[in-house]
Engineer: 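Dropping the structure in here first, questions after.
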There are 2 protein chains.
Amino acid sequence: MAENQDRGRVKTTETAFRIVELLMERDGMRLSELARELGVAKSTAHRHLSTLLDLEYVTENNGVYRTGLRFLEIGEQTRTRTDAYRLAEEKVADLAAETEERSQFIVEEHGQGVYLFRETGDRAVHTDSEIGKRIPIHATAAGKAILANLSDERIEEIIDQRGLPALTEHTTTDEEALWTELAEIRDRGYSTNDQENTSGLRAIGVPVRYEDGEPLGALSVSGPTHRFQKTLFNETLPNLLLGTANELELNIQYS
Amino acid sequence: MAENQDRGRVKTTETAFRIVELLMERDGMRLSELARELGVAKSTAHRHLSTLLDLEYVTENNGVYRTGLRFLEIGEQTRTRTDAYRLAEEKVADLAAETEERSQFIVEEHGQGVYLFRETGDRAVHTDSEIGKRIPIHATAAGKAILANLSDERIEEIIDQRGLPALTEHTTTDEEALWTELAEIRDRGYSTNDQENTSGLRAIGVPVRYEDGEPLGALSVSGPTHRFQKTLFNETLPNLLLGTANELELNIQYS
DNA sequence: TTAAATGTTCCGGAAAGTCGAACGACTTGC
DNA sequence: GCAAGTCGTTCGACTTTCCGGAACATTTAA
């Protein structure tokens with residue numbers, strides 16, 4: 001059982017990355033701890049760890065193995081691969097400075113939202129970076145802005161693959177409701193998020209598109225519910241974001 | 001032949017990561033291109049790519065495979081694992097703002113220097129991030145500052161493992177000369193770099209140590225030769241850096 | 001000092017990854 | 001508009017190589 005989709009996959013690679021992920025979650029582990037956790041012989045764990053150490057994807061200190069910075073190298077390379085992403089970084093900084101709130105740029109990958117850049121204005125607290133973190137795409141303003149600009153088939157695909165899990169009691173979990181919301185977003189040009197992934201937090205999101213209409217990501221600004229109200233929430237921020245996204249699209253087009 | 005150190009290493013993991021590295025270098029590849037490059041059957045490449053795709057470490061678009069943002073997630077987690085690193089980030093920003101030059105924080109991993117944070121002051125050009133990039137540790141100011149605070153055995157080990165490759169004509173490639181320079185650095189408290197990795201660029205570096213004297217990394221400020229001279233290079237910047245490193249060490253101690 | 005972990009090495013057996021062939025779907029060029 | 005070439009995908013047989021267990025060395029605890 002449970003060999004449904006496993007046809008022709010490389011099991012050794014799966015365990016290698018399972019090890020990496022465990023090391024990340026646990027913030028470092030010892031050899032036998034890892035072997036126990038994985039349910040493999042110590043000798044097996046040893047062989048895998050030695051390999052990852054040799055390849056320099058893992059470090060070892062006093063018998064404790066941790067993920068290495070080579071992941072940062074590959075990740076950073078991936079993030080700054082296209083000029084578009086680098087240009088987005090500037091806009092995120094501008095938005096944070098101008099609004100004094102937190103702003104971020106998110107892209108879609110494997111049906112999820114991934115934080116590429118985040119900047120916190122003076123007013124916002126400087127939290128953990130969260131860069132690279134994944135989040136259900138339907139539960140963020142930026143994510144919905146992206147979703148609204150994908151083809152219906154792709155949207156279906158993502159919903160099928162990821163479902164619509166609830167992060168708070170305000171998360172949209174009904175597919176029908178999501179579709180109508182996406183239509184509104186397309187009309188209006190921007191998306192909103194009212195405590196759908198974190199209670200007490202609201203956000204506005206706008207898509208960033210290539211010339212052909214394909215979304216490459218989305219910008220968003222988020223802040224506490226008590227500040228995000230009325231004109232600010234309904235006009236000022238949406239207009240600021242739409243203008244910024246437009247500038248960004250032009251920058252990308254002529255880069 | 002060439003099986004000297006390969007005893008007991010997982011070959012499949014090696015090829016999996018060789019694929020990832022190729023995808024990174026080439027900025028994306030097609031299946032058969034990759035198979036050709038690796039010297040394996042198309043079916044083998046296919047199986048590996050499907051696996052990496054399923055695990056979400058790789059993305060695919062119109063038949064082009066690229067590295068995925070999961071590497072960013074793991075890398076970012078690795079970078080911000082300890083409070084110490086996060087605190088270093090602030091100091092890097094302070095230094096860039098104050099000097100208006102480029103400042104960076106570097107750590108040692110597998111005998112190499114790795115850029116963890118970089119900030120460019122208003123005066124410096126905003127280049128590619130280079131975060132996560134590796135560099136021979138003896139060819140940077142920050143690297144030498146770290147090296148000078150390691151045990152003699154560890155220094156030997158690193159030199160044996162990595163050698164002393166020349167990046168410019170000014171790089172220190174003589175082991176004897178390096179040892180005497182490291183002694184000077186220990187005396188003086190800070191290190192310098194005069195066009196040893198990039199011609200036209202000078203830098204000053206200072207170690208950042210835990211209470212027990214173990215270096216966790218080093219701060220440095222770099223700029224063009226024509227600006228980095230006289231009092232600025234010999235007094236002002238060294239003192240600024242030493243003060244900043246000291247603050248940082250205290251912050252780390254009480255965090 | 002004993003006892004109980006942990007890390008390391010080695011070997012046989014079995015699971016797995018590799019290759020090549022063969023197919024359909026697209027391109028390219030004549 | 002057809003043929004030759006390329007690309008991605010699937011399948012089965014061979015054999016590489018990966019896994020587990022045991023035995024030894026090493027450290028930590030009692």
Side-chain angles (χ1 to χ4, degrees), chain A residues 1-23 26-68 110 153-154 157 161, chain B residues 1-23 26-68 110 153 157:
Chain A
M1 62 281 263
E3 32 147 279
N4 318 330
Q5 305 288 31
D6 287 6
R7 287 183 319 95
R9 279 175 34 171
V10 187
K11 291 189 78 175
T12 310
T13 302
E14 287 180 334
T15 59
F17 280 104
R18 216 160 82 232
I19 290 174
V20 168
E21 285 164 19
L22 256 176
L23 293 183
R26 302 298 184 76
D27 247 61
M29 294 175 87
R30 305 191 67 89
L31 174 86
S32 25
E33 192 184 351
L34 185 82
R36 235 181 289 116
E37 196 74 24
L38 282 171
V40 301
K42 279 187 301 176
S43 53
T44 304
H46 183 259
R47 246 160 45 85
H48 273 282
L49 284 174
S50 307
T51 306
L52 290 169
L53 200 58
D54 277 2
L55 295 175
E56 302 186 355
Y57 282 91
V58 151
T59 62
E60 181 268 339
N61 208 302
N62 294 325
V64 179
Y65 293 84
R66 298 177 201 278
T67 50
H110 292 288
E153 302 81 56
R154 181 82 186 109
E157 211 176 283
Q161 188 190 359
Chain B
M1 65 283 261
E3 32 148 281
N4 317 329
Q5 304 287 31
D6 287 6
R7 286 182 320 94
R9 278 173 38 169
V10 187
K11 289 189 79 176
T12 310
T13 302
E14 287 180 334
T15 59
F17 279 104
R18 217 159 81 232
I19 290 174
V20 168
E21 286 164 19
L22 256 176
L23 292 182
R26 301 299 185 77
D27 248 61
M29 294 175 87
R30 304 191 69 87
L31 175 88
S32 26
E33 191 186 351
L34 185 82
R36 236 181 288 117
E37 197 73 23
L38 282 172
V40 301
K42 278 190 300 176
S43 53
T44 305
H46 183 259
R47 244 160 50 83
H48 274 283
L49 285 173
S50 309
T51 306
L52 290 169
L53 200 59
D54 277 2
L55 296 174
E56 302 186 357
Y57 281 92
V58 152
T59 62
E60 181 269 338
N61 208 302
N62 293 325
V64 178
Y65 293 84
R66 299 178 201 278
T67 50
H110 292 289
E153 302 81 56
E157 210 174 284

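We use all heavy atoms of the structure for the numbers below, so side chains are in, but hydrogens, waters and symmetry mates are not. Below, read A as the first sequence line, B as the second, and so on, with proteins coming before strands; counting in each chain starts at 1.
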Engineer: Are the side chains of V20(A) and L52(A) in contact, using a 4.5 Å heavy-atom criterion?
Structural biologist: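 Side chain of L52(A) against side chain of V20(A), heavy atoms only: contact under 4.5 Å found.
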
Engineer: Nearest 0.5 Å please: distance from the CG atom of L49(B) over to the OG1 atom of T44(B).
Structural biologist: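 These two atoms lie 11.0 Å from each other.
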
Engineer: Expressed as a whole number of angstroms, how long is the span from H46(A):NE2 to dA23(D):C1'?
Structural biologist: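 My rounded result for the distance is 15 Å.
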
Engineer: Is E14(A) paired with K11(A) through a side-chain N to carboxylate O contact shorter than 4.0 Å?
Structural biologist: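 A salt bridge is absent here (no side-chain N lies under 4.0 Å from a carboxylate O).
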
Engineer: How long is the line joining CZ of R36(B) and C1' of dG8(D), in whole Å?
Structural biologist: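 Result: 13 Å.
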
Engineer: Specify the separation, in whole Å, of atom CG of L49(B) and atom P of dT18(C).
Structural biologist: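 To the nearest whole Å, that distance equals 12 Å.
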
Engineer: Side chains of M29(B) and L23(B), heavy atoms from C-beta outward: is any pair under 4.5 Å?
Structural biologist: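 Yes, close enough: below the 4.5 Å cut-off.
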
Engineer: Using atom NZ of K11(B) as one end and atom P of dA15(C) as the other, report the distance to the nearest whole Å.
Structural biologist: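 My rounded result for the distance is 22 Å.
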
Engineer: Distances for protein N/O vs nucleotides 19-26 of chain C N/O pairs under 3.5 angstrom?
Structural biologist:
from    : atom 1 : to     : atom 2 : distance (Å)
dC19(C) : OP2    : A41(B) : N      : 3.0
dC19(C) : OP2    : T44(B) : OG1    : 2.8
dG20(C) : O6     : S43(B) : OG     : 2.8

Engineer: Nearest whole Å is fine: how far is dG20(D) C1' from L38(A) CG?
Structural biologist: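 The distance from CG of L38(A) to C1' of dG20(D) comes to 14 Å, rounded to the nearest Å.
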
Engineer: With sequence neighbours left out, write down each residue that passes salt bridge (Lys or Arg N to Asp or Glu O under 4.0 Å) with R18(B), or none if nothing qualifies.
Structural biologist: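 Per chain and number, R18(B) pairs via salt bridge (Lys or Arg N to Asp or Glu O under 4.0 Å) with no residue.
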
Engineer: Quick one: L34(B) CG to dG8(D) P, roughly how many Å, whole number?
Structural biologist: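 In whole Å, dG8(D) P and L34(B) CG are 10 Å from each other.
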
Engineer: I'd like to check L22(B) versus L34(B) (side-chain heavy atoms, cut-off strictly below 4.5 Å). Are they in contact?
Structural biologist: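 Yes. Closest side-chain heavy atoms under 4.5 Å.
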
Engineer: Check for a donor-acceptor pair, side chain of H110(B) on one end and backbone N or O of V58(A) on the other, with a separation under 3.5 Å.
Structural biologist: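 Flag set: sc H110(B) to bb V58(A) pair under 3.5 Å.
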
Engineer: Tell me: CD of E14(B) to P of dG17(C), nearest whole Å?
Structural biologist: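 After rounding, the gap between these two atoms is 15 Å.
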
Engineer: Just so I know, are the side chains of H46(A) and S50(A) near enough to count as touching, which here means a heavy-atom distance under 4.5 Å?
Structural biologist: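 Result yes, sub-4.5 Å side-chain heavy-atom pair found.
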
Engineer: Quick one: on DNA chain C, does L31(A) or T12(B) contact a more 5' nucleotide (nearest heavy atom)?
Structural biologist: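 In this pair, the answer is L31(A).
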
Engineer: Hey, what do you get for CD (E33(B)) to CZ (R26(B)), rounding to the nearest 0.5 Å?
Structural biologist: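 Atom-to-atom, E33(B):CD and R26(B):CZ are 6.5 Å apart.
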
Engineer: Between dC19(D) and H48(A), is there an OP1 or OP2 to side-chain N/O distance shorter than 4.0 Å?
Structural biologist: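 The answer is yes; a side-chain N or O of H48(A) sits under 4.0 Å from OP1 or OP2.
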
Engineer: Once you build an axis from the first five pairs and another from the last five of the helix from dT1(C)-dA30(D) to dC30(C)-dG1(D), how far apart in angle are they, to 10 degrees?
Structural biologist: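 Taking the rotation axis at each end, their angle is 50°.
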
Engineer: Starting at CZ of R30(A) and ending at C1' of dT8(C), how long is that distance when rounded to a whole Å?
Structural biologist: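 Rounded to the whole Å, the gap is 14 Å.
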
